[in-house]
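Chain letters run A, B, ... following the sequence lines, proteins first, then strands; residues in each count from 1.
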There are 2 protein chains.
Amino acid sequence: MPRKATVRPPALPVFERPLATVDLVIFTVRADALCALLIRRPRHPDEPFPGRWALPGGFIDVERDDSLEACARRKLREKTGVATPYLEQLGSWGGRKRDPRGWSVTNVYFALLPHAGIEPVAGANALEARWLPITDDGVGERLAFDHDEILAAAIERLRGKVEYTSLPAFLLPDEFTLPELQRAYEIVLGRPVEKSAFRTRILATDLLTEVPRQRTGPNRPAQLYRLKDRDTPIFFPRTFSPRGD
Amino acid sequence: MPRKATVRPPALPVFERPLATVDLVIFTVRADALCALLIRRPRHPDEPFPGRWALPGGFIDVERDDSLEACARRKLREKTGVATPYLEQLGSWGGRKRDPRGWSVTNVYFALLPHAGIEPVAGANALEARWLPITDDGVGERLAFDHDEILAAAIERLRGKVEYTSLPAFLLPDEFTLPELQRAYEIVLGRPVEKSAFRTRILATDLLTEVPRQRTGPNRPAQLYRLKDRDTPIFFPRTFSPRGD
DNA sequence: TAAATAGTGTCTCTAAGACATTATTTG
DNA sequence: CAAATAATGTCTTAGAGACACTATTTA
């Protein structure tokens, strides 16, 4: 009987592999404005988008990174020194045209940092790193690659979630007052929030614990709070402003 | 003066590229149950996860696919014949361990289809394709790769969004009655929805248009509606059941 | 005691929740 | 007319929105 006709183990698929990166949209609140951390692309004319602002990120290192999220955390640590911020995946963008070097996929995460004097680190291939304030749906300047689109998506996601989650609390330092938290909501949303309703809503959920201390100033001092759980955001049952849209 | 020390154009980065795939979570409502389309992995023992159920999908073809979404639509067409369903990106999953063939990234999309007799197509490397009913957070069986986790995330996303969007309408055929739409919400949410509030909410938004026809049966006939816009979902200002959580 | 901001109270209005009731078809 | 389901109405209640008011600090 002839040898069974089988059994070449199915080889690894022959498809050409796209370039694979991880990029970050890192938000903070600074000087009463929502800001994103951007880095400047190298100026060498053979680099893609020389001299343009871009999202921080870079290639996945399959030797060092165990997973996409691990890769994101590594890059975040390298850029900001912060190890445990709020981090969530935004999505992935991939296609033939977005990077002149070839078909590429980027996996994008977005992070929320308290601005406790975190100064961005200019790294290996980042001449310059800077917090740029968000205006409307971008930073008022065309970014490298498709990073405009990605940044806009991140802003939209953040604004959307702020309506019904506790995300802005992750933009503040460990301890904060209710008016400070309210201000963070207003900065992200770009519109005022009604004080009384805000307070009842926030305090009704099991979000905060009082700390036995107050923030003093030239006026009545404000109660300090901290997050019960700095790892998981709270989802409110309702949105902030039902009137219209 | 010595030659300027520069100008090797920065070569393409030397990093090894991960495997890159696109997978799909395709939902429909069938026989009064939420179902997902799964395919069976080839049984050859050298294939990863032989004989297991898995999400439909496969490698990106950088020759044919212009973008991740185009790739997802191609695969969706190949599996179901449907060209224009509701499609949104769920996210990407990547790491060293999820595929025994090496560091891999999958970009996952989820689709909602009306079950108008769409029968899955068993394709090249899919011995069998089947609609499996969703129970709780899966299909009651361990899937290949990390597809359990991905499917659970898709279910969570769908259930979450159903609370405040019109997504279930995309699980129904072109024309449907309000009770049918309500039933779709109930099937996805896994709990009853109050009729009166449901109707006012749905009709208050600019979601549906009446069609001059009714669904008849052994009882009072029901008004037929269709979506004003079959491409974009509606977001409701409030959630469906604020009571508790 | 004035300025400034923190924090509470009051009133209205909208929409959800929980029903009960009416409407329109078939057998 | 009974069965069945569609569609509407009523009453209560929770919470947002708007805004007035009170509280507590510093200068």
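With hydrogens and angles disregarded, no donor-acceptor distance shorter than 3.5 Å links the side chain of A/His115 to the backbone of A/Thr28.
Distances shorter than 4.0 Å separate some side-chain N or O of B/Arg199 from OP1 or OP2 on D/dA7. Taking only side-chain nitrogens and oxygens, A/Arg201 comes nearer than 4.0 Å to OP1 or OP2 of D/dA16.
In the helix from C/dT1-D/dA27 to C/dG27-D/dC1, the rotation axis of the first five pairs and that of the last five pairs differ in direction by 10°, rounded to 10 degrees.
Here A/Arg201 does not pair with A/Glu163 in a salt bridge; the nearest charged N to carboxylate O distance is not below 4.0 Å. Between B/Arg183 and B/Glu180, none of the side-chain N atoms (NZ, or NE/NH1/NH2) sits under 4.0 Å from a carboxylate O, so this pair counts as no salt bridge. Look at B/Lys161 and B/Glu88 and you find a salt bridge, because one of the NZ, NE, NH1 or NH2 atoms lies within 4.0 Å of a carboxylate O, short of that distance. Comment: A/Glu78 does not engage A/Lys75 in a salt bridge, judged by the lack of any side-chain N to carboxylate O separation of less than 4.0 angstrom.
Computed from coordinates, the A/Leu203 CG to D/dA14 P distance equals 19 Å when rounded to whole Å. In this entry the distance linking CZ of B/Arg183 with C1' of D/dT5 reads 14 Å, nearest Å. For the pair A/Phe198 CZ and D/dA16 P, the interatomic distance rounds to 12 Å; values are reported in whole Å. Here the P atom of nucleotide C/dA6 and the CD1 atom of A/Ile202 are 15 Å apart, to the nearest Å.
In this structure, A/Tyr164 and B/Tyr164 have tilted ring planes: the angle between them lies in the 30° to 60° band. Between B/Tyr185 and B/Phe236, the ring planes are tilted. Angles from 30° to 60° get that label.
DNA chain C is contacted by both A/Leu178 and B/Thr216; A/Leu178 maps to the nucleotide lying nearer its 5′ end (nearest heavy atom per residue). In terms of position along DNA chain D, the nucleotide closest to B/Leu224 lies nearer the 5' end than the nucleotide closest to the other residue of the pair B/Leu224 and A/Lys195.
Atom CZ of A/Arg230 sits in a crowded spot, with more than 12 heavy atoms from other residues, nucleotides or ligands closer than 6.0 Å.
Between B/Phe27 atom CZ and B/Ile134 atom CD1 the span is 5.5 Å, to the nearest 0.5 Å.
Residue side chain A/Arg220 reaches the base of D/dA23 through a donor-acceptor N/O pair under 3.5 Å, judged by distance alone.
Residue B/Asn219 places its side chain closer to D/dT5 than to any other of D/dA7, C/dG7, D/dT5. Residue B/Pro221 has its side chain nearest to C/dT25 when only C/dT25, D/dA6, D/dT25 are considered.
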Tabulate protein N/O versus nucleotide N/O from nucleotides 9-12 of chain C, keeping only pairs under 3.5 Å, one per line.
unit_1 : atom_1 : unit_2   : atom_2 : d
C/dG9  : O6     : A/Ser196 : OG     : 2.8

